[in-house]
Amino acid sequence: MAVREGDPVQTRAGEILSEVFGYESFRGAQQEIIERVAAGGDALVLMPTGGGKSLCYQIPALLGNGITVVVSPLIALMQDQVEALAQAGVGAAALNSSMDLSKRREVWDRLRAGTIKLLYVAPERLLIDGFLDELDAFSPALFAIDEAHCISQWGHDFRPEYQKLGIIRKRFPDVPIIALTATADDPTRKDIVKGLGFTEQDLFVSSFDRPNIRYTVEAKDQPRRQLLRMIRERHAGEAGIIYCRSRKKVDDTAEWLREEGIRAVPYHAGMASQQRTLNQQLFLREEGIVVVATIAFGMGIDKPNVRFVAHLDMPPSPQHYSQESGRAGRDGLPAEAWLCYGWSDVVLAQRRLAESELDPIQRRISHHQIDGMLAYCESSLCRRAILLQFFGEDGVEQCSASTESCDNCTKAPEVIDGMVLAQKALSAVSKTGQRFGKVHVIDVLLGKANTKVTRFGHDRLSVYGIGTELEERGWHSIFRQLASRGMIKIDFEGHGGISMTERSRVLLRGEEDFSFRKDAITRKASRSKKKRKMKIEGLDSMQSSLFERLRQYRLEISRQLEVPPYTIFHDSTLVEMSQMQPQTLDQLAMISGVGQKKLEKWGRGFLEVISSQADAGS
Ligand code: ADP
Ligand code: ZN
């Protein structure tokens, strides 16, 4: 990289963007952040997953002298990040505990030789006695703290070593620090500012809207079947992540999917670490793998072409949900966030609250989070707007008519006045003595004279058989919606008996409105046909077969080099190649994501694939 004296930073940053990374223009606040950091200022960057945080420190690293030290908790993924930079011709290396001594020596040699611009280190290593002194010899020009929310105890990713990172500032008072995270809530933000000695002026907050992600919630009916249908109809052969709450469910679901012919692998903390690493590698290096995982999987997974993230259990907060679903579609191409949700999730949410022996403030926060998540699931309004509002982004528009990127905007759910139904349900709860579970109360409403109903004499109650206007499934939905709004309480220590709350009495007196959404289950047939194969939308059949061949060719190269395919080119780059069908290296260089080094290394090969397709087609 020729760094010319006297050039304004702005121009040079733009040159690096296009020459090294092959991109035409900066996204969002990238340029502003880069300029600030390059001028010696600090920055706390809050950007959604896929927003483009990496360039915010990678470009400053290439602008100046000295090395940029990147602190990252993700040892397993460091090598891939280094690899991706190497493919773009950038000198980078990692230092962590998984490397043997000779490998580490090699890195120090390269540092002395001055061929490293970016050094990735695990926080443990950075904090080892004497490490910062050794680093001093290479005049660090910038510290980048990735996944900076690990500093905060609020988050679920808290790392004790992260709390000690304030030492960087003390040891190198003049070196700027850039901290980056996709977790945007207020307590976390404050912890980072405090922990690293930032000021409010250092904050760069982007919108967390992810316009390329389509949000869908389905009411649980037969969750596995629903999952399979979603994959087969819209994501056949594509990479995805499925989150489940328990390890056992992870194992079972992965096995079941494999039996159904989906290339699925499990991932959770209870597996042997070797197998876990293997499965993660498979996901990163091969195409079309589906990982079934607990939340242990994912932080920092920067595979750009994850086409769907599915949840078989409701996550505990909108923060979790944003972060996990945000792993879909980092490359900006259409992707899907799918959630299947039902009674068990509501019960678990209530239990979490009841059992939380937190201090009052934390209790309020978790109340707020669980309510937020339930509202997301039950609402008939735009899902995107609900999520963003939770992060304090007001005035969020609903999905635009052209993108229709959530289920509720695509087809508004039917909302019915449910007052009478709710009153019937609550009366049945009350008349049966507030100690029976949902199934029994529904049997009474439907007038089912089974042994349990008759044994308790519930067939003689006035509420017996008053609910025949709904099917069983409809009543399940009503009880779920009542519970999610705190209008009934569930006794989870006993047998799930339902009782009344203060709010149910208000409802019974008719002092509060109550509308229900009709669950989407009954509408599945009409909806499922529409959006299939989202990825190659906009490609005609010739173009999509070219895309497949380019993808295959990329996989061959990446297998040879033993690197993830996306370090060669991203899907979005291959999509553009399929559309533009460049014939010359110059034309190829115009495509987003094709930098100089990559052009030199692979340009000819990809051009050959393109021209052979043209021959075949003519
Ligand atoms: P984050 O770390 O915020 O999740 P990344 O830094 O991995 O996101 O960037 C997400 C994707 O967007 C990457 O594939 C990256 O190469 C791409 N990208 C980043 N900045 C730009 C840009 N200015 N133009 C085009 N693509 C970009
Ligand atoms: Zn919407």
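First listed ligand is number 1; within each ligand, the first listed atom is number 1. Just so it is clear, the structure is predicted and the values come from calculations on it, not from any experiment. Atoms considered below: every heavy atom in the structure, side chains included; atoms not considered: hydrogens, waters and symmetry mates.
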Undergrad: What's the shortest distance from atom 5 (P) of ligand 1 to any protein heavy atom, and which residue and atom give it?
TA: S54 OG, 3.6 Å
Undergrad: Just to confirm my output: which protein heavy-atom neighbour is closest to atom 16 (O) of ligand 1, and how far is it?
TA: Y23 OH, 2.5 Å
Undergrad: How far is atom 14 (O) of ligand 1 from the closest protein heavy atom, and which atom is that?
TA: H570 CE1, 2.4 Å
Undergrad: Please state which protein non-hydrogen atom is closest to atom 7 (O) of ligand 1 and give its distance, to 0.1 Å?
TA: R330 NH1, 3.5 Å
Undergrad: Are any of the side-chain nitrogens in D202 or R36 under 4.0 Å away from the carboxylate oxygens of its partner?
TA: yes
Undergrad: Within ligand 1, which atoms have a heavy atom of T49 less than 4.0 Å away?
TA: 4 (O)
Undergrad: For ligand 1, which atoms, with element, lie under 4.0 Å from some heavy atom of L55?
TA: 19 (C), 20 (N), 21 (C)
Undergrad: Provide, to 0.1 Å, the distance between atom 9 (O) of ligand 1 and the closest protein heavy atom, together with that atom's residue and name.
TA: G52 CA, 3.4 Å
Undergrad: With no hydrogens and no angle check, do the side chains of S317 and H320 hold a donor and an acceptor under 3.5 Å apart?
TA: yes
Undergrad: For a quick test of reading the model, state the closest non-hydrogen atom pair linking I116 to A93 and the distance between them.
TA: CD1-CB, 3.5 Å
Undergrad: Step by step, would you call F283 with F297 a ring-ring contact (aromatic ring centres under 6.0 Å, His included)?
TA: CA-CA 11 Å; F283 180 68; F297 182 76; 5.6 Å; yes
Undergrad: Please report which non-hydrogen protein atom sits nearest to atom 10 (C) of ligand 1, along with the residue it belongs to and the distance in Å to one decimal place.
TA: G50 O, 3.6 Å
Undergrad: Starting from atom 23 (N) of ligand 1, find the nearest protein heavy-atom neighbour and note its residue, name and distance.
TA: S25 O, 2.9 Å
Undergrad: For ligand 1, find out whether one of its N or O atoms is nearer than 3.5 Å to an N or O atom of K53.
TA: yes
Undergrad: If we check salt bridge (charged side-chain N to carboxylate O under 4.0 Å, His left out) with D331, which of these qualifies: K303, R307, R210?
TA: R307
Undergrad: Among all protein heavy atoms in this structure, tell me which lies nearest to atom 20 (N) of ligand 1, with the distance rounded to 0.1 Å.
TA: Q30 NE2, 3.0 Å
Undergrad: Can you see whether Y215 has R384 sitting over its ring - NZ or CZ less than 6.0 Å from the centre and within 45° of the normal?
TA: no
Undergrad: Determine whether H311 and Y341 satisfy the following criterion, ring-ring contact (aromatic ring centres under 6.0 Å, His included), listing intermediate values before the conclusion.
TA: CA-CA 8 Å; H311 281 78; Y341 140 93; over 10 Å; no
